[in-house]
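Take this structure first; my questions come after.
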4 protein chains.
Amino acid sequence: MATIARLNQQSATAEQLLRAFTSVRRQTGALAAPLSAEDQLIQSMPEASPTKWHLAHTTWFFETFILAPHLKGYKRQHPEFEYLFNSYYKQLRGHPLRSRRGLISRPDLNEVMAYRKQVDEAMLAFLPDASAELLELVELGINHEQQHQELIVTDIKHALWSSPLQPAYIDARTPKHSAPPLRWKNWAEGVYEIGHAAGSGFAFDNEEPRHKVYLQPYQLASRCVTNREYLEFMNDGGYQHAELWLSDGWDRVAANSWSVPLYWQEREGEWWNYSASGWRPVEPDEPVCHVSYYEADAYAQWAGARLPTEAEWEVAASSEPVRGRLLESGRFHPAAADHSQMFGDVWEWTSSAYSAYPGYRRAKGVLGEYNGKFMCNQLVLRGGSCATPEAHIRASYRNFFPALSRWQFSGIRLAK
Amino acid sequence: MATIARLNQQSATAEQLLRAFTSVRRQTGALAAPLSAEDQLIQSMPEASPTKWHLAHTTWFFETFILAPHLKGYKRQHPEFEYLFNSYYKQLRGHPLRSRRGLISRPDLNEVMAYRKQVDEAMLAFLPDASAELLELVELGINHEQQHQELIVTDIKHALWSSPLQPAYIDARTPKHSAPPLRWKNWAEGVYEIGHAAGSGFAFDNEEPRHKVYLQPYQLASRCVTNREYLEFMNDGGYQHAELWLSDGWDRVAANSWSVPLYWQEREGEWWNYSASGWRPVEPDEPVCHVSYYEADAYAQWAGARLPTEAEWEVAASSEPVRGRLLESGRFHPAAADHSQMFGDVWEWTSSAYSAYPGYRRAKGVLGEYNGKFMCNQLVLRGGSCATPEAHIRASYRNFFPALSRWQFSGIRLAK
Amino acid sequence: MATIARLNQQSATAEQLLRAFTSVRRQTGALAAPLSAEDQLIQSMPEASPTKWHLAHTTWFFETFILAPHLKGYKRQHPEFEYLFNSYYKQLRGHPLRSRRGLISRPDLNEVMAYRKQVDEAMLAFLPDASAELLELVELGINHEQQHQELIVTDIKHALWSSPLQPAYIDARTPKHSAPPLRWKNWAEGVYEIGHAAGSGFAFDNEEPRHKVYLQPYQLASRCVTNREYLEFMNDGGYQHAELWLSDGWDRVAANSWSVPLYWQEREGEWWNYSASGWRPVEPDEPVCHVSYYEADAYAQWAGARLPTEAEWEVAASSEPVRGRLLESGRFHPAAADHSQMFGDVWEWTSSAYSAYPGYRRAKGVLGEYNGKFMCNQLVLRGGSCATPEAHIRASYRNFFPALSRWQFSGIRLAK
Amino acid sequence: MATIARLNQQSATAEQLLRAFTSVRRQTGALAAPLSAEDQLIQSMPEASPTKWHLAHTTWFFETFILAPHLKGYKRQHPEFEYLFNSYYKQLRGHPLRSRRGLISRPDLNEVMAYRKQVDEAMLAFLPDASAELLELVELGINHEQQHQELIVTDIKHALWSSPLQPAYIDARTPKHSAPPLRWKNWAEGVYEIGHAAGSGFAFDNEEPRHKVYLQPYQLASRCVTNREYLEFMNDGGYQHAELWLSDGWDRVAANSWSVPLYWQEREGEWWNYSASGWRPVEPDEPVCHVSYYEADAYAQWAGARLPTEAEWEVAASSEPVRGRLLESGRFHPAAADHSQMFGDVWEWTSSAYSAYPGYRRAKGVLGEYNGKFMCNQLVLRGGSCATPEAHIRASYRNFFPALSRWQFSGIRLAK
């Protein structure tokens, strides 16, 4: 997917986008390939969507915002899909309830794959002559699909874990690494700039405008919290000491009987967790994952630290090369930079509520609903996880989820 | 399915059961045939189950109660199915939550069909030499599967109606009939016998023992309440007058905004209802269907009548030939009998709470959970519907559902 | 209250009713006397009502059904009370939500007591000249108030137990008795009559008409199940064995973590229960009390018995003198009769769902809502408890509550 | 209450605190005076507490954090109150469920008033000799009680409105004012300081430390949004246009059928709202009040503006004299300052999520739970309302409530 990386420059040409489009669409299909039609239908909770729905909705996005309004003579082959695969755009003609996406047995998977193919063909024919403005929409559609690629992984992981037999999604064992000692990097007080700079490649509207922030002096941890460290917290009664917890978090611990991260289980005195490859013993040196904001915050309290703000995180991340799990040099490379694991290991909870940057404006029209209307009761996560398409990762990227969410690949980096 | 009818005699031979088994198993497959793998997975509410689950659970029943304990050397090919497809037998080793049957994407439909085939072959090999006692279990399993045949129909109807596109299940238009005038048949006061007589063919344990009841003089309507009559109730403000309703029913009307039977909809001033063949205009002469007990009771109040007790119904039904919708002579045949539509049109709500007949005893062991543990907060329905396998219909049969249930084919016959 | 007892004859004179009215109204006040204004306001669950509300509602009953429509020139001093203290009569002009009776801080207790006084005076002035028809309404009002006397006791017990300090309601220790051995009395098969005979004194409409029932031979236990016996059930894992329970009951046990009757608690290895006089050690020889229908049924399963039907109970009770806890001869008097504790110890769950007797008709008009609209999803209890006004007890009386109710004084008598 | 104002300086002497203590305690009693014992018990929703509970809890605060640990020989007269009137401090020995405070009928109001008196006397005897450190705790207790004074008003307003007769709390008509035209004040880009400066009088820990923030250029409205303006929003379909709303807000509008602010009602074409003095016609020139954050944000969207951040608000407020509704010069005084109604009219929703200032540290020990554990899923409100004790108002004060809250006196000021 190197193609997409090149998009992160001023001018993505039609040709570049065509290659990116082809590559991303193919990659989505590859994510669904290990799954049966039935796997692709299940919805294990209202927050998660069926794979088949992701396949169709990403296609709907191109059809609804590009082909239908802009390709002359384009006719929807399935007019009912306009309603059926709308996610949440209220300015269109309605959409099914999010919690009931698992009921969409029709169209079946074959029909959805045919829908993908038909829209792909129309897009490929349309792209070479598209205007610059429409190319921007195409780029948005590609990035939108990349977001759903990650959701396909997180949602099917939850779905298969929720099904009684808990099968593996794929066979994807990763090599083991030892975690280096935790170090603290100092950052000086002062005015910094964060946010995506207009004209420097693709970004979502919520990353803009670039703007100044004032930061007090702070320290950021050199790596994420590991399973080994989190186990110390657990063994020290972390889940039993109310004073470590936010009030809402403590209520949630009680109501849901949380005592471990999501997907963890004790088996005869040993800890196991459920991964894309099925159940396996917990790897002590890996970053702890699938914790809620409440757990991240309680851990930080226990550790005598705190979570970073998103500005603190971004300032540090901007000085780092985008390096992640997939680089040959390996996961931890202390010589190369002050912070490892900033990108592509786990999403890192920040203490920043998701809200508009100063000067942010919702786009006019339907796409104004893309990001802006979710700016309440969510926390920003930064960095990207092992499920994030690599080309989709950048320092200014703002992911966001409610504090109680655990099914994303979310972990912890400490600040002071 | 004439074979099963012959079972209703003292001694069902192994050969008869073998033919019945073959026929019923084949018929279950035929019910699922119009549905895709995805259709067969959806569960639209906790009370309804996926088709695939019905296919597997009925198979599990034969494997668990007959093959595994009684066929020497029988090995479960899928030991995990013992847990997976247990419905509610607490004395076995647990079962998945009923509300989460829609998450069982694995095994997929092909594997379930293979499971059916494998168990069928084992059963057919086993049957000829089975003891009389085991033949009784086989007969129970066949009747159990017939119950699930009806549930396949009621559940998939609800599922497809719940899915956004509301497709039809099959193409099954029925010929129209005119409803004859309503007449009242008098029944004299006295001691009657109801319940299934031991030794007269198959019956569930809840139909026994046959016993005496004392009935006051009563009148029973000659046919079911029609859609036309029910529309009069609706047009007279039936759903707005609290004094017609049971207290619980009135609360339900308010909470669920009920104003029509389930599956009804107004389209430009005309009433339509959703059937197995999809949406169609309401047929005025058909029995009203998909009403809750609350609606049946309110209608009876409005009509100056009441619902019959199950004893009143059975006494009347026992004097009738088992005739139903499928007979060539037609649905209404006033000359032939005093009551038409007793069997096979709609299940008829009675005012009798589902409880044990005097002298009833739960069977020992796991199968004691089959019927007895549900004898609370449910009402008895009698007769059988268009979705009931014809051979499964008999005068002593006791169906039962909570008062608020509407997704069964439930209708109304009045008494006085 | 001997006066009320005499009402149980054909003709209650105005003078008799006047004395009964005075006595019952005074007794209601006596029940509230130990409670502060604040005690009388609390509502610990939607099913229970504040004492103050009971005081006002019973007064409202006389004002609404007798004074307002029938006393010439009567003016409601508080017109808003017509709405405010209506319980559930939908044909009047609405009523507050039942679950929000605890919010009625205004009128305060003094105003409610003044309301009682004002209505009492109007009633006493009105009664001597009232027609026979109106005297029937007065009698109904008196019996209605007696029902609420019992509810005052059950509801305040629950309220005070629910309040953090769990104070005692009154100081009312009762003398201890030893329970005699359990014996079984045989009843012969045949046609019996049950129900209240018209013209034999006051009864609610749901006790009528008297009618014939056919009973199979049965046995009824000579006394109620004791705490000692119930503890054996508990110690034998009664709450852990699913096969003993109705399906709904088992779900309830799990959802509510039931493992003991309501108001029980273990303190250092000893069982205590909360009574009107506060916490005290469980008395082994007393009838077990505050169990749900589910627990009663599970106990009966465990004991190899069953619960009686209401007809079985009434036939046995009709042959007994109305004797109860308050008679000098004591609670258990084996020589006097075959069954002790039939009246006035604990309400006894029967296996009969609450439904209309054959020939029952709801009264016309508003009072038709008194009993008839509750005939669904409730079970009949018979006998009367220590909280039931003694004059209110009779063999034909039908109390009714949902199967999960435990805050009434409900116990168990076995049948076979 | 001028005394408390003087506390806002470096050194509150014991004598000053003694006078402040006396004054504030007396004022709390005055707020409860118009209410009966029953009024003071009702809890209309889990978020609101009974008046009596507020009276006791504020007293408990002094007893628990000052008298019990620091006054030699002090004995709790009611040891059970330590548990009973604990609000949410998990490090103490538990507390009753917040949603069940309305069940605390014992102690009754007289006992609670006696408790107040007893603690007051002990405090007054103790204060003259208290150490500087303890005086800080006393000051905290006084400010804590002032917070509860406001809650007494907001909670009883909701309680009385929730009770069926909806009586007035007090008779407190306010004079009418005309709202001047809305003007916009410009604020320049740059680094500002916000937060409470250590050593400049009392503040809660969440107002500290004072720290630098970088603000982009912005405009702030000269006054709050009026009822007249809000009615234009309503009349323009504000509650019907999804695109104006945050996603969560839109769901809430649908779920709760919101179409007006809390306490509003249409009566024959005219708008009324419920005030402390009961129902009255909506006053067009008053600030709109009792709106949720969702409504405030949707209004701002509709008006082409946005809500200010808390930093923007505080920077503007810090340049204003603390002036409010009670000053003789009147509510709107354009000559005096650029912004009117900053203090003491309505709490103004900001777009800032409630979180820790940089460098904030939770206090050690139990009082660390006072503020810090609520820093999630709440929005900051600024300014103070008509129910806020005047001496309690300051520019750095941070109030916080969940986005859906409407029962506080919350209104809207726009920014750009």
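None of the values given here were measured: they were computed from a predicted structure. Order of the sequence lines sets the chain letters (A, B, ...), proteins ahead of strands, with each chain counted from 1.
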Would you enumerate the inter-chain donor-acceptor pairs between chain B and chain C whose distance is below 3.5 Å?
residue  : atom : partner  : partner atom : Å
B:Lys212 : O    : C:Gln216 : NE2          : 3.4
B:Gln216 : NE2  : C:Lys212 : O            : 3.4
B:Glu243 : O    : C:Arg362 : NH1          : 3.2
B:Ser247 : N    : C:Lys373 : O            : 2.7
B:Asp248 : OD2  : C:Asn377 : ND2          : 3.4
B:Tyr294 : OH   : C:Asn377 : ND2          : 3.1
B:Arg362 : NH1  : C:Glu243 : O            : 3.2
B:Lys373 : O    : C:Ser247 : N            : 2.7
B:Asn377 : ND2  : C:Asp248 : OD2          : 3.4
B:Asn377 : ND2  : C:Tyr294 : OH           : 3.1

Contact summary for B:Val213 and B:Ala311, nearest pair of heavy atoms: CG2-CB, 4.1 Å
Nearest heavy atoms of C:Leu220 and C:Ala415, plus distance in Å: CD1-CB, 4.0 Å
Non-hydrogen atoms of C:Leu246 and B:Gly372 that approach each other most closely: CD2-O, 3.8 Å
Non-hydrogen atoms of C:Gly411 and C:Val291 that approach each other most closely: CA-CG2, 4.2 Å
side-chain contact (heavy atoms from CB on, under 4.5 Å) between C:Leu140 and C:Leu367, worked out: CA-CA 10 Å; C:Leu140 178 63; C:Leu367 282 167; 4.0 Å; yes
Top of B:Ala353, B:Pro402, B:Pro358, B:Ala403 for chain C proximity - count of heavy-atom pairs under 4.5 angstrom: B:Pro358
Under 4.5 Å from any heavy atom of chain C - which part of B:Val191: side chain
